Protein chains: 2
Amino acid sequence: MNKVKKPYHHGDLRESLLDAATDLIAEGGVDNLSIRKLADKVGVSRTAPYHHFKDKNALLCAIAEQGFLKQDELVESISALQSKLSAPELFEKYVLTYIRFADEEKETYDLMYGREIWKSGEPTESLQLISKNCFRNWLKWVEVLQQGGIFDPEKPSLRVAQSSWAALHGLCRLFNDGIYIDREDIDEIAKNTVHMLINQQRTD
Amino acid sequence: MNKVKKPYHHGDLRESLLDAATDLIAEGGVDNLSIRKLADKVGVSRTAPYHHFKDKNALLCAIAEQGFLKQDELVESISALQSKLSAPELFEKYVLTYIRFADEEKETYDLMYGREIWKSGEPTESLQLISKNCFRNWLKWVEVLQQGGIFDPEKPSLRVAQSSWAALHGLCRLFNDGIYIDREDIDEIAKNTVHMLINQQRTD
DNA sequence: AATCAATCTTGACACTGTCAAAATAGAGGA
DNA sequence: TCCTCTATTTTGACAGTGTCAAGATTGATT
């Protein structure tokens, strides 16, 4: 039946399509990705991709999924430093890493958290799962940071997580969308944001 | 020559186009606006709009400009309350009003601060001017809030303005892009954000 | 070797933005 | 009044787009 997933004519079309598509959007943004151009690049006909992705939307969702996985890895690698750094240092490092990811994978980031999928399109079920899991991880971390005194432990962690993520996301967007344009500034603004968000009730 | 601006065949095509275009994007988002559909709606041929707007991009910029003007009015109306409210109340009111605008004029907001214009397209010179002026107003207000103790007066006001605006913008985006979906929550998150941003060094 | 379903291609349709050239109609001057 | 000039609008065309329906191919299974 369908135990072995290897396609028939092409080596592994689904994978190739994903790779080529990622290349295309990395080159010139989501606008640079058309099914036809993609099919051309891979060497199949215009409608071949439709046997591996229901939609263009489904293709974009698959790319976004890959992005979440990649981002998860990055976050994991910071968690590993948990014992070596102080809570504020850890938080700042997280923020800067998050921003670096958004910068280096601009277009993927846009797909992951942009309206293209979440509003205009219909997010795939698996994408919804993976993204929810991602937020849950952030929530856990926020709880740790609350215990570490970084955030107010009195406040509901859900709200704190939402607020702080929104602040971070907003910065990334302003940069990624071309409103803030100086990359040098971004890290400065980020550090400032960190200081503003950190609970300062007991600093004196 | 061109002292009287009244067009020849149509009543005032430029204005009509802007109105109809705003309607179209309010109905179904930016994706719902095509030059051809727009021309149809107004009752002219497909290419007529090109004599009033160089590009589709130019048309979008014009809509965004209107958005900035409308937003400015709202902000003005809050400035008027400056004497009646305390600084924290004023700040919170500003934030909630900003969010309400982003909510009620979702698509316009997207145009004003989205990549469609600022990254993918080329922002019109007049749009650049009007938006810079808008940020400058925010900057002034931040300085007032710094003097009022809402924000840390030690920090450079530019950075504070950038950080706080990013936080606000991020929240609007997450909501407008369909990631946060519960409008009830939004105001809650906003208030939480306000509390987190407010300088708390002297609360005890 | 025959069958069958997964995979891929060809053709078609209704859209899109925008350019070039032709048509129109109003304003200003004779 | 008529004529000309220029701003405005239209028609035709081109190269794109996503995706559906129907046919062709091909590898695996019986």
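Letters A, B, ... are given to chains in the order of the sequence lines, protein chains preceding strands, and every chain is numbered from 1. When reading the values below, keep in mind they use all heavy atoms of this one structure, side chains included, and skip hydrogens, waters and symmetry mates. Everything numeric in this text was worked out from a predicted model, so none of it was measured.
In the set D:dT10, C:dT10, C:dC8, C:dC8 carries the atom at the smallest distance from any side-chain atom of A:Leu13. Comparing C:dC8, D:dG18, C:dT9 against the side chain of A:Lys56 picks out D:dG18 as the nearest. Taking only side-chain atoms of A:Lys37, from C-beta outward, the nucleotide of C:dT10, D:dT17, D:dT10 with the closest atom is D:dT17. If you check D:dT9, D:dG18, D:dA13 against the side chain of A:Tyr50, the one that comes closest is D:dG18. Of the candidates C:dG17, C:dT9, C:dC8, the closest approach to any side-chain atom of A:Ser45 belongs to C:dT9.
At a cut-off of 3.5 angstrom, counting only N and O atoms as typed in the model, there is a donor on one side and an acceptor on the other between the side-chain of A:Thr47 and the base of C:dT10.
Looking at A:Tyr94 and A:Trp138, their side chains never bring a donor and an acceptor atom within 3.5 Å of each other. Residues B:Trp165 and A:Tyr180 bring no donor and acceptor atom of their side chains to less than 3.5 Å of each other.
Contact between the side-chain N/O atoms of B:Arg46 and the OP1/OP2 oxygens of D:dT10 is not found at any separation under 4.0 Å.
Atom CG in B:Leu33 sits about 16 Å away from atom P in C:dC15, given to the nearest Å. Computed from coordinates, the B:His52 NE2 to D:dA7 P distance equals 13 Å when rounded to whole Å. As a whole-Å value, the separation of B:Leu38 CG from C:dT16 P is 11 Å. In this structure, CG of B:Asp40 is placed 16 Å from P of C:dA14, rounded to the nearest angstrom. In this structure, the CG atom of A:Leu17 is 12 Å from the C1' atom of C:dC8, given to the nearest Å. For B:Asp31 and D:dT17, the CG to P distance is 17 Å, given to the nearest whole Å. Going from atom CZ of A:Phe53 over to atom C1' of D:dT19 covers 16 Å, rounded to whole Å. Here C:dT16 presents its C1' atom at 16 Å from CD1 of A:Ile35, a figure rounded to the nearest Å.
One N or O on the side chain of A:Asp182 and one on the backbone of A:Glu184 form a donor-acceptor pair closer than 3.5 Å. Judged purely by atom type and a 3.5 angstrom limit, A:Glu116 has no side-chain atom pairing as donor or acceptor with the backbone of A:Asp110.
When all heavy atoms are compared, the tightest approach of A:Leu127 to A:Cys61 is CD2-SG, 3.8 Å.
Between B:His51 and B:Arg36, the residue anchored nearer the 5' end of DNA chain D, judged by the nucleotide with its closest heavy atom, is B:His51.
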